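If you read the sequence from its start, that first residue is 1, and numbering goes on from there. Remember, predicted model here, so these are calculated numbers, not experimental data.
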Amino acid sequence: MSQEVSTALERRLGRRYAEQRLRIEQDHEAQVFGYGLNFFHFENWYSSPWLIRNVLRLTGLYRRGLNNAAQVELRQNQIALSRLPSAFDGLRILHISDMHVDMSAGAMRSMIELVAPLDYDCCVLTGDYRGKTWGPFQATLDGLARVRPSLKDPVYGVLGNHDTIQMVPGLEELGIRMLLNECGTLSRGSERIHLAGIDDAHFFRVDNIEKVAEQIPAGEFSILLSHTPEIYRQAASAGFDLLLGGHTHGGQICLPGSIPITLDSVLPRYMGSGAWVYRDMLGYTSAGVGSCIVPVRFNCPPSITLHHLQRAQ
C-alpha cells in the first residue's frame, strides 16, 4: 500500500480503525475455508475459474454464457412505504450492484448505454467493484472512472466482500460518497430521509448496524445499503424501512426457471433476487451487473434496478 493511500485512509477513518480494517483484510483475504458467514468460499479458491471455464467449454456453453453476461437489463421496482415522508413520494433510486468492473467489460459497456437516458434522483452502488477478492485494484478504479460520468449525482456506495478498504480514497475521488458504517441524509424542504450504509458483512464481517442506527432519530424514515442482504434480521430489528443489497448475483449460473444452484449466502432463497419482505421491512436483492469467478451467466440476466418509492395510503 502506498503512503498516499495510507495517509488518506487514516484521515478518512482515523488511524486506529484504518489499521484494524487493513489487518483484518491481510489476515483473511483469499481464505478458502472458515471465516465469514459461509464456511467454504468458492470465489477465493484459485482453481475455481479454471474448473468452471473448462466444464463450460467441454459442454459447448462457454461462449453463450459470455454473451449472456454482456446483456444488461433494466428492472423497474415499485415500492409502497407507509412511513415515507410526503415530500419524497415518487423518489427514484437507481440501484447498481456487483459490477466486478475489471472482468465484466461487456456488461460495463451495456450498462453505460442503458443508464444514459434514465431519470432518477440518486444512485446507490451496493459493492463488489473488483473482480477478484484479493490482489491489485487499480484496473477496477480505472474501469469505474469510465463508468462514473454516466451516473448522475448524488452517488452513494458501500464496499463488498471483493473490495479492499484501500479502494475508498480512489472511489471517493470519483465522486462516490462511500458509507462505511455511516449515514447520509436526503432533504426536501423541511422533510428528510436517512441513507445508511455498512461495511462488508459477508466475509470480513466489519459491519456495525448498531452504530449506523444510532445516527438516525427515532421514528424517521431510513434506507440501509448493504452489500449482502444476509443481515436482514439485524436491519429489521434496528428499524430500517428498506434494505437494498446484492452479492448473490441471483445465482449467476441458474437452472431453467431462474433456479439458482447456489446463492453463496446464508439467507432464505426467496431473498436471493428481487423484492422481498421481512417483518415490517421491505428489501430488494439485485442480481448484479457483472459476474465473478468466470464472466458467464445462464438463466439469470445481469441487471440494474430503478426503484420507484411511493407513499402508501
With the threshold set at 4.0 Å, does a side-chain nitrogen-carboxylate oxygen contact exist between Arg11 and Glu4? no
Atom CZ of Arg64: over 12 foreign heavy atoms under 6.0 Å: no
Verify the distance criterion only: is there a donor paired with an acceptor across the side chains of His227 and Asp200 at less than 3.5 Å? no
Is there a donor in the side chain of Asn299 and an acceptor in the side chain of Ser258, or the other way round, less than 3.5 Å apart? no
Is the distance from the ring center of His100 to that of His162 below 6.0 Å? yes
Taking atom types as modelled, is there a side-chain donor on Thr126 or His95 under 3.5 Å from an acceptor on the other? yes
Could you walk me through whether Phe221 and His194 satisfy the ring pair (Phe, Tyr, Trp, His ring centres under 6.0 Å) test, starting with their C-alpha distance in whole Å, then the side-chain angles of each, then the deciding distance to 0.1 Å, before giving a yes or no? CA-CA 6 Å; Phe221 184 88; His194 301 275; 9.2 Å; no
Enter the distance from Leu186:CG to Leu91:CG here, rounded to the nearest 0.5 Å. 7.0 Å
Shared hydrophobic cluster for Leu94 and Ile79 (ILVMFWY, side-chain gaps under 4.5 Å): no
So how far is it from Leu309 CG to Ile193 CD1, rounded to the nearest 0.5 Å? 7.0 Å
Assess the side chains of Glu73 and Ser303: does a donor N or O sit below 3.5 Å from an acceptor N or O? no
Will you find, in the side chains of Gln3 and Thr7, an N or O donor that is under 3.5 Å from an N or O acceptor? yes
Only distances under 3.5 Å count here; give the side-chain donor-acceptor pairs of residues 274-282 to other protein atoms, sequence neighbours excluded, each with its distance to 0.1 Å.
from	atom 1	to	atom 2	distance (Å)
Trp276	NE1	Thr285	OG1	2.9

Walk me through whether Glu10 and Arg21 qualify under salt bridge (charged side-chain N to carboxylate O under 4.0 Å, His left out). CA-CA 11 Å; Glu10 288 189 13; Arg21 183 65 170 78; over 6 Å; no
Quick check against the 3.5 Å criterion: does Ser291 have a side-chain atom that pairs as donor or acceptor with the backbone of Val294? no
Determine whether more than 12 heavy atoms belonging to other residues, nucleotides or ligands lie under 6.0 Å from atom CZ of Arg269. yes
Sole residue of Asp98, Thr228, Asp128, Asn161 in side-chain hydrogen bond (donor to acceptor under 3.5 Å, both in side chains) with His247: Asn161
Arg233, CZ atom: more than 12 neighbouring heavy atoms under 6.0 Å: no
Taking atom types as modelled, is there a side-chain donor on Gln71 or Asn67 under 3.5 Å from an acceptor on the other? no
Ignoring hydrogens and geometry, is there a side-chain-to-backbone donor-acceptor pair from Gln310 to Asp89 under 3.5 Å? no
Under 4.5 Å between side-chain heavy atoms, counting indirect links through other Ile/Leu/Val/Met/Phe/Trp/Tyr residues: same cluster for Leu22 and Leu180 or not? yes
According to a 4.5 Å side-chain heavy-atom criterion applied to Ile, Leu, Val, Met, Phe, Trp and Tyr, with indirect links allowed, do Val158 and Tyr156 form part of one hydrophobic cluster? yes
